[in-house]
Amino acid sequence: MTRSIEQTVQPTKSLSHGDPERSMPKGRRAGFSLRWWWIVPTVLIVVLLLLPSLVVIPMSFSPSEILTFPPTGFSMKWYENFIEDPQWTKAIGNSFAVALVTSVFAALIGTPAGIALGFRRWRGQGIVLALLVSPVIVPPMVIAVGMYVTYAQFDLTGFWGLVAAHTMLVTPFVVVTVIASVSQINPAAADAARSLGAAPFTVITRILLPLALPGIISGMLFAFVTSWDEVVVALYLTDPGFKTLPVVMWDQLRERVDPTVAAIATILLLITILIMIVVLLRGRRRKVGN
Amino acid sequence: MAIDATSVTLRSVTKSYGQAIAVEGIDLTINRGEFVSMLGPSGSGKTTTLKMIAGFEAPNSGQITFDGDDVTNVAPEKRNIGVVFQNYSLFPHLTVGQNVAFPLKMRKVPAAERAKRVADALALVELAGYERRRPDSLSGGQQQRVAIARALVFEPSLLVMDEPLGALDRRLREVMQLEIKALHERLGVTVIYVTHDQEEALTMSDRIVVFSQGRVEQVGTPREIYDEPATEFVADFVGESLALTAAWTGTDVVAENVGGLSIAAPDLPTGPVRVLWRPHAISLEPISDAHEIHVRARVLTSGYAGGVVRARIALPTHDEGIVSIPAVGGDYTTGASIDLYLRADRAIVVPTDGRATPSDLEASPSDMEASPNTLEAFGADHG
Amino acid sequence: MVTARVRDGRSAASPLLVMPLLTLLAIFFLIPLGTVVVRSFTYPADAGLANYVRVLTDPVSLQYAGNTFRMALIVTVLAVIIGYFYAYAMYKSRPGWRIFLLFAALLPFWTSLLVRSFAWTVILRDTGIFNQLLIGLGLIDEPIPLLRTSFAVTVGMTQILLPFVILPCWAAMARVDAGLLSASRSLGAGPVATFWRVFVPLTAPGAAAGAVLTFILAVGYYITPVLLGGPADQPIAVLIESAVQQRGDWGTAGALATLVLIAVVLLLAAGWGLLARAFLSRKEA
């Protein structure tokens with residue numbers, strides 16, 4: 001349809017999404033058809049999606065060791081427990097260090113690959129891409145076992161072992177997000193740069209990198225979070241002297257239910273929500289800017 | 001194909017989106033079998049009107065009837081209208097044959113008859129044998145033919161076309177214009193044709209409806225629209241013309257630095273007017289016995305346009321205009337003076353409407369919805 | 001990698017730029033995987049195909065394989081049905097609600113997998129919210145044992161994998177040309193026929209991509225089945241883990257891992273086109 005043609009008189013264009021029911025004559029024009037068989041399942045799915053993330057909040061303030069819901073009182077002791085127990089604080093520090101170094105490495109090696117794959121077409125590209133993203137697809141247990149036996153032969157365990165492993169696991173996110181942003185770049189921009197005297201390297205640093213930056217940043221964010229949350233490979237590559245947060249959590253959860261986990265989860269959840277709000281707002285502003 | 005054409009009537013149809021009024025008080029009658037173009041710049045309400053006729057939008061007030069039956073709130077699928085869209089809107093997941101068969105399937109036409117009618121419809125648009133092709137393997141012109149076949153195969157009583165040739169290049173557009181015209185003559189179907197291209201509207205239509213700012217500016221045959229524009233807008237939008245700013249005093253039309261033109265505009269109230277001449281009423285030398293108005297114009301810029309020189313000129317009335325001058329002899333370079341003789345009996349006098357000269361440039365279709373960036377959320381969970 | 005001689009701006013993005021990543025991937029990822037495969041034939045030294053014969057005839061490992069694929073299939077089907085519905089609800093919503101629904105779909109993505117699995121144990125156990133709710137509503141008198149059942153694993157994994165279906169479905173829906181829906185209506189198809197004959201076929205690739213991804217990821221799941229499932233729900237990953245950690249049996253672990261790897265590679269090869277289209281959404285040159 002020629003939606004564009006009437007755009008000056010259709011400020012509500014984004015509402016008329018071409019949905020079959022909404023393009024119907026009056027009476028059914030509501031943005032969301034308020035029928036129970038739409039609303040009820042949608043609300044249930046929202047509950048399904050959010051419940052596990054949110055249920056930890058009341059749990060973390062529960063005074064009893066055996067978690068009850070609704071909580072029988074209010075207590076900060078799990079937060080105190082978390083702050084005072086060096087096992088937890090050390091693990092958080094370790095996880096943060098691994099995730100940070102990992103996401104930087106991922107950006108360093110993932111960005112050039114994303115540029116090569118996203119900005120240009122060449123033969124064998126599909127296979128290379130499949131290979132590069134395979135660490136996300138291959139079951140973590142298979143990867144973990146393989147890395148465990150291989151890395152051990154080179155004494156590559158603890159911090160650097162985990163960094164090496166996680167860099168492999170999370171770089172695909174940088175590659176994919178960089179491909180996405182680079183493939184939106186008009187090749188004419190690079191042609192123009194070359195015609196204006198820029199060498200290929202300059203084209204990359206002055207044109208492609210700045211334009212790929214949003215992709216690199218969101219890729220690093222994924223990389224960070226994925227490394228931060230990774231359990232299975234970490235279980236194999238960490239040792240008693242160097243444990244990451246998910247490993248400590250896993251140990252705790254297998255033995256007994258420790259509400260300290262809920263306290264940590266609540267803190268992480270709040271940080272996550274803050275980041276998401278920032279990202280969503282930034283995304284909206286970018287859209288408006290266009 | 002036997003088509004039982006319908007007539008269409010709009011009675012004070014108004015449509016607004018929130019605060020913005022898209023069309024207001026449209027009254028229009030389209031006769032059975034007629035080819036009517038809706039012409040206007042972008043945002044003039046022509047596409048909104050078409051959407052209401054097709055049933056994609058419902059008017060806020062007013063009534064739409066087909067052959068006298070009220071269809072104002074009838075769903076589009078129950079109106080039996082063939083619609084041809086600007087970007088073809090062929091279903092990419094279906095073959096050409098399946099696309100054309102789609103409306104027949106919806107009408108539960110038996111398979112054998114369906115196949116025959118699909119073949120007939122494709123033959124009609126000279127694409128016989130293309131049934132198994134994919135729409136994306138066809139050229140733009142071919143895709144538009146498929147879209148026309150699909151819109152005609154179920155023998156609709158009304159064919160509605162929304163800038164159907166807008167995406168084609170000029171040569172192909174001219175070919176398709178004649179083909180659509182021929183189809184119309186052959187099938188006798190009522191056609192409503194939306195376009196922003198005045199030449200297209202003039203060439204194809206029995207009648208033209210000129211839209212501007214959500215209202216119908218003028219309805220008439222191409223000749224009426226061209227020779228007797230009712231408003232300054234219509235005169236400017238349809239066809240080339242040279243215009244002078246002037247004033248109607250009640251006894252004569254007077255222009256600054258030119259004086260009385262000895263033209264009468266008895267139907268108009270006194271006040272500012274525009275006086276326009278079509279190219280055939282302008283000459284470089286006094287040639288006729290008829291009364292001619294002589295003005296001396298100055299060339300601002302000019303360019304050779306194949307056989308003619310197109311020059312932007314400044315008139316003594318401080319108006320500017322563009323004229324095409326046969327490219328033989330004469331000095332038409334910047335700064336040169338040229339004498340123009342304007343035939344008084346062919347002058348068109350319209351009231352000044354104070355609106356900016358319309359541009360027939362369409363906004364580029366850049367309102368693609370921003371698609372969600374799936375990657376923003378492509379997180380990983382390792383179990 | 002055959003490189004055409006290009007001198008335009010694109011030549012800046014030389015295919016050689018993938019080499020650092022490819023090299024590191026070979027050393028730190030492919031060699032470890034290769035080692036696992038090699039060990040399946042060489043542990044013990046004269047193993048040959050013996051590990052495979054044993055694994056493929058062992059009723060225990062077959063049962064675990066069955067658990068894995070059955071669960072992956074159930075979770076995929078559920079996730080596709082629920083996820084497509086949810087994405088369609090997003091599609092039909094007003095922009096404000098749409099952002100909320102997108103937020104709700106993304107939040108779990110960013111919440112630790114461990115924490116979510118742990119939260120499900122709290123929700124589903126005998127004294128958990130779910131049983132309390134059912135008792136409170138008078139639907140049941142005694143708590144139903146939900147934890148350590150297939151139900152718990154199904155719910156937990158579906159919840160965790162749902163965003164992988166919702167996002168490609170939503171992306172496909174957002175790309176649907178509204179004109180096609182109008183065209184369908186004008187050609188005589190009502191809203192229902194338009195949905196099934198035009199909207200669904202146009203968005204099916206997105207749903208299929210989500211399904212492929214969900215299935216592949218579900219096959220590799222370990223944490224969630226272990227925390228939420230009973231003995232009959234344990235996946236192959238558990239067998240691999242116990243072969244390595246408890247028995248040091250690298251041959252069995254290697255053979256199991258290799259078979260899983262082959263399955264995943266086959267699935268990936270089958271679904272690659274769909275995945276690349278849905279998740280990379282690249283403009284054609």
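In what follows, every chain begins at residue 1, and chains take the letters A, B, ... in the order their sequences are listed. All figures in this text were calculated on a predicted structure; none of them were measured in a lab.
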**Prompt:** What do you reckon, are the aromatic ring centroids of Tyr88(C) and Phe195(C) less than 6.0 Å apart?
**Reply:** yes
**Sub-4.5 Å side-chain heavy-atom contact between Val178(A) and Ile115(A)** = yes
**Request:** Sort Val56(A) into side chain, backbone, both or neither according to what part of it lies under 4.5 angstrom from a heavy atom of chain C.
**Result:** side chain
**Asked** Does Phe28(C) reach the side chain of Thr167(A), with side-chain heavy atoms less than 4.5 Å apart?
**Response** no
N/O donor to acceptor pairs below 3.5 angstrom from side-chain atoms of residues 126-133 of chain A, sequence neighbours left out:
none

**Prompt:** Which bit of Trp250(A) comes within less than 4.5 Å of chain C, counting heavy atoms only: side chain, backbone, both or neither?
**Reply:** both
**Request:** For each of Ile216(C), Val265(C), Val155(C), Leu256(C), tally heavy-atom pairs with chain A at distances under 4.5 Å, and name the one with the top tally.
**Result:** Ile216(C)
**Prompt:** Within a strict 4.5 Å, meaning less than it, do heavy atoms of the Met173(C) and Tyr84(C) side chains meet?
**Reply:** yes
**Asked** Under a 4.5 Å heavy-atom cutoff, which of Val37(C), Val36(C), Val192(C), Ile123(C) has the most pairs with chain A?
**Response** Ile123(C)
**Asked** Taking Val225(A), Thr171(A), Leu48(A) one by one, which has the highest count of heavy-atom pairs under 4.5 Å against chain C?
**Response** Leu48(A)
**Message:** What part of Tyr148(A) gets within 4.5 angstrom of chain C, counting heavy atoms only: side chain, backbone, both, or neither?
**Reply:** side chain
**Request:** Please flag which part of Phe100(C) lies under 4.5 Å from any non-hydrogen atom of chain A: side chain, backbone, both or neither.
**Result:** side chain
**Test log, rule ring pair (Phe, Tyr, Trp, His ring centres under 6.0 Å), inputs Tyr236(A) and Tyr151(A)** = CA-CA 10 Å; Tyr236(A) 278 80; Tyr151(A) 288 13; over 10 Å; no
**Request:** Flag the one option from Gly110(A), Ser134(A), Ala165(A), Ala106(A) with the top tally of heavy-atom pairs under 4.5 Å to chain C.
**Result:** Ser134(A)
**Prompt:** So do the side chains of Val115(C) and Met249(A) get within less than 4.5 Å of each other, counting heavy atoms only?
**Reply:** yes
**Prompt:** Who are the side-chain contact (heavy atoms from CB on, under 4.5 Å) partners of Ala79(C), not counting sequence neighbours?
**Reply:** Thr158(C), Leu162(C), Val165(C), Thr214(C)
**Message:** I need the residue from Ile31(C), Ile166(C), Leu267(C), Leu227(C) with the largest number of non-hydrogen atom pairs under 4.5 Å to chain A.
**Reply:** Leu227(C)
**Message:** For Ile82(C), which atoms come within 4.5 Å of any heavy atom of chain A: side chain, backbone, both, or neither?
**Reply:** both
**Asked** For chain C, which of Leu156(A), Ile109(A), Leu44(A) has the most heavy-atom pairs under 4.5 Å?
**Response** Ile109(A)
